Amino acid sequence: MPELPEVEVTRRSFADAIAGARVLELRLGKPLRWPLGVTPQSLVGRRVGEVRRRGKYLWLPLEPGGLLLHLGMSGSLAFREHAPPAGPHDHFELLTDRGSLRLTDPRRFGAVVWSDALDADPAAKLLAGLGLEPFDARFDGAHLHAGLSGRRVAIKQALLAGDIVVGAGNIYACEALFRAGIDPRLQAQRLSRPRAGRLALAVREILAQAVEAGGTTLRDFKDAHGVAGSFQMQAQVYGREGEPCLVCGTPIRRIVQGQRSTYYCPSCQKR
DNA sequence: ACAACCGCCTGTCAGC
DNA sequence: TGCTGACAGGCGGTTG
């Protein structure tokens with residue numbers, strides 16, 4: 001589910017409300033992707049710091065140390081003063097004196113992992129190898145072009161890999177390539193330097209626009225206050241197989257790359 | 001170093 | 001109605 005915009009929208013929706021809250025209790029449901037790595041009891045009484053984001057991860061400081069959260073494919077966070085009884089897909093809940101932060105994740109690809117610091121394991125290991133943040137000034141055409149050199153996979157897959165730039169998942173990678181007019185099947189190393197500049201800009205713009213729109217709600221994404229996103233209304237290609245391109249009218253095509261669906265306009269997007 | 005797969009889970013939807 | 005298979009917003013691990 002959640003790509004960078006959804007994670008960022010979630011972060012913004014509860015960061016201020018939870019900052020400074022004192023932990024009363026930690027409740028766990030079924031196991032998530034990895035073990036928590038700390039006893040719930042040991043977190044009681046700690047104060048929540050300023051929630052941060054790195055890529056699609058959230059860092060919830062509970063000095064000394066903190067929790068690294070990932071929403072996986074189907075996870076969402078809710079922060080409420082009074083939470084309803086936990087359901088079968090609620091697998092993590094931090095009860096504080098300001099309210100309850102709860103992770104709901106039907107598929108359980110998500111994770112909540114204790115780490116003594118962001119630059120200590122396991123957080124450091126999970127974050128190692130992540131590319132630049134898309135809104136980092138260092139992320140530009142030159143960085144993207146350099147990152148793509150020597151790579152023979154398709155540009156779409158290289159973008160998705162997240163080691164050059166983080167945050168563009170399946171939806172936004174498709175949308176950014178459309179915006180930049182680049183065929184998703186183009187071999188990564190064959191993207192020219194000028195086109196890399198255009199693609200870097202497109203990635204930034206698409207992600208910024210999606211954050212602005214509150215993220216994409218295809219099925220069930222909601223921010224921590226239950227507000228849905230609306231970027232799906234602006235999607236040009238994602239999920240539009242067979243429908244006319246909004247620019248040229250050519251039917252949008254769906255292909256499979258790396259076992260993921262790619263949507264693109266065969267007329268607007270060139271190799 | 002890179003690339004192609006696999007698996008983790010559950011829910012939903014299309015087709016028969 | 002029920003069954004089956006495809007598919008879903010991510011990503012780490014294994015294999016070649």
Side-chain angles (χ1 to χ4, degrees), chain A residues 1-10 29-35 37 53-58 68-77 87-92 103-113 121-131 146-177 185-190 203 206-207 210-211 213-223 228-235 237-242 254-263:
Chain A
M1 163 205 269
E3 305 180 32
L4 182 145
E6 290 72 38
V7 177
E8 177 61 16
V9 165
T10 297
K30 290 189 191 173
L32 292 164
R33 180 162 197 164
W34 298 296
R53 179 190 57 74
R54 173 74 175 104
K56 298 172 192 169
Y57 287 91
L58 288 177
L68 195 64
L69 284 77
H70 196 287
L71 302 180
M73 286 280 268
S74 57
S76 62
L77 284 171
H89 302 311
D90 298 332
H91 304 303
F92 167 91
L103 173 68
T104 303
D105 184 3
R107 293 179 74 178
R108 290 191 281 130
F109 288 179
V112 182
V113 178
D121 282 340
K125 195 175 179 199
L126 290 171
L127 302 180
L130 290 189
L148 295 173
S149 79
R151 294 225 207 173
R152 279 170 295 191
V153 285
I155 180 68
K156 154 83 173 344
Q157 290 168 267
L159 214 49
L160 220 47
D163 55 342
I164 304 172
V165 58
V166 294
N170 208 29
I171 297 178
Y172 302 117
C174 291
E175 295 298 325
L177 286 164
R185 299 166 299 176
L186 177 71
Q187 202 178 56
Q189 64 182 356
R190 300 187 62 177
V203 167
I206 286 289
L207 293 176
V211 170
T216 296
T217 299
L218 290 181
R219 177 181 306 276
D220 50 16
F221 169 72
K222 303 275 174 58
D223 73 12
S230 68
F231 184 82
Q232 66 280 4
M233 309 299 294
Q234 303 175 50
V237 290
Y238 189 84
R240 299 193 63 241
E241 181 182 16
R254 182 180 87 94
I255 58 173
V256 175
Q257 295 180 290
Q259 294 139 283
R260 320 277 312 266
S261 288
T262 297
Y263 299 86

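Just so you know, these numbers come straight off a predicted model, no measurement behind them. Each chain gets a letter, A, B and so on, in the order the sequences are listed, and its residues count up from 1.
Distances were taken from every side-chain heavy atom of A:R108 (C-beta onward) to each of B:dC8, C:dG9, B:dT10; the shortest belongs to B:dT10. In the set B:dC5, C:dG10, C:dG9, C:dG10 carries the atom at the smallest distance from any side-chain atom of A:H70. In this structure, the nucleotide among B:dC5, B:dC8, C:dG9 sitting nearest to the side chain of A:F109 is B:dC8.
To the nearest 0.5 Å, atom CZ of residue A:R108 and atom NZ of residue A:K30 are 5.0 Å apart. The structure places CZ of A:F231 at 10.5 Å from CG of A:L218, a figure rounded to the nearest 0.5 Å. Of the inter-residue distances, the one linking A:C174 atom SG with A:R254 atom CZ reads 10.5 Å to the nearest 0.5 angstrom. Atom CG of A:L148 sits about 11.0 Å away from atom CD of A:Q187, to the nearest 0.5 Å. In this structure, CZ in A:R185 is found 10.0 Å from OG1 in A:T262, a value given to the nearest 0.5 Å. If you take CG on A:L130 and OH on A:Y57, they are separated by 6.5 Å, rounding to the nearest 0.5 Å.
Both thresholds, 5.5 Å between centres and 30° between ring planes, are not jointly met by A:F221 relative to the base of C:dG9, so the two rings are not stacked.
Residues A:L69 and A:L103 fail the side-chain proximity criterion, which asks for heavy atoms closer than 4.5 Å. For the pair A:L58/A:L77, a side-chain contact is recorded, criterion being any heavy-atom separation below 4.5 Å from C-beta on. At least one side-chain heavy atom of A:T216 sits under 4.5 Å from a side-chain heavy atom of A:Y172. The shortest side-chain heavy-atom distance between A:N170 and A:Y238 falls under the 4.5 Å cut-off.
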Strand DNA chain C in bracket notation, Watson-Crick/G-U under 3.5 Å with | for pairs to another chain: .|||||||.|||||||

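For the pair A:D105 CG and C:dG10 P, the interatomic distance rounds to 13 Å; values are reported in whole Å. Atom pair A:K222:NZ and C:dG9:C1' shows a separation of 15 Å (rounding to whole Å applied). Atom pair A:Y238:OH and C:dC7:P shows a separation of 12 Å (rounding to whole Å applied). Going from atom CG of A:L32 over to atom P of C:dC11 covers 15 Å, rounded to whole Å. Distance, A:K56 NZ to C:dG12 C1': 13 Å, rounded to whole Å. The distance between atom CG of A:D220 and atom P of C:dG9, rounded to the nearest whole Å, is 13 Å. Counting to the nearest Å, the C1' atom of C:dG9 and the NZ atom of A:K156 are 11 Å from each other. The distance from atom CD1 of A:I206 to atom P of C:dG9 is 16 Å, rounded to the nearest whole Å.
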Table of protein N/O atoms under 3.5 Å from nucleotides 1-3 of chain B N/O atoms:
residue	atom	partner	partner atom	Å
B:dA3	OP1	A:R152	N	2.3
B:dA3	OP1	A:V153	N	3.0

Restricting both atoms to N or O, compile the protein contacts to nucleotides 11-13 of chain B shorter than 3.5 Å, with distance only.
residue	atom	partner	partner atom	Å
B:dG11	OP1	A:H89	NE2	2.8

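Listed pair A:Y172 / C:dG9 fails the phosphate criterion, with no side-chain N or O lying under 4.0 Å from OP1 or OP2. Remark: A:R254 is in phosphate contact with C:dC7, judged by side-chain N or O atoms under 4.0 Å from OP1 or OP2. Side-chain nitrogen and oxygen atoms of A:K30 include none within less than 4.0 Å of the OP1 or OP2 phosphate oxygen of B:dC9. At least one side-chain nitrogen or oxygen of A:S261 sits closer than 4.0 Å to the OP1 or OP2 atom of C:dA8. The phosphate of C:dC11 has neither OP1 nor OP2 within less than 4.0 Å of any side-chain N or O from A:R260.
A:Y57 comes within 4.0 angstrom of the backbone, heavy atoms only, and of no base.
With respect to A:E8, the salt bridge (charged side-chain N to carboxylate O under 4.0 Å, His left out) criterion is satisfied by exactly one of A:R53, A:K56, A:R54: A:R53.
Looking at A:E6, its side chain does come within 3.5 Å of a backbone N or O of A:E3 through a donor-acceptor pair. In this structure, the side chain of A:S74 engages the main chain of A:R107 through a donor-acceptor pair within 3.5 Å.
A distance of about 16 Å separates the P atoms of B:dC9 and C:dT14, rounded to the whole Å. Comparing the C1' positions of C:dG9 and B:dA4 gives a spacing of 22 Å, expressed to the nearest Å.
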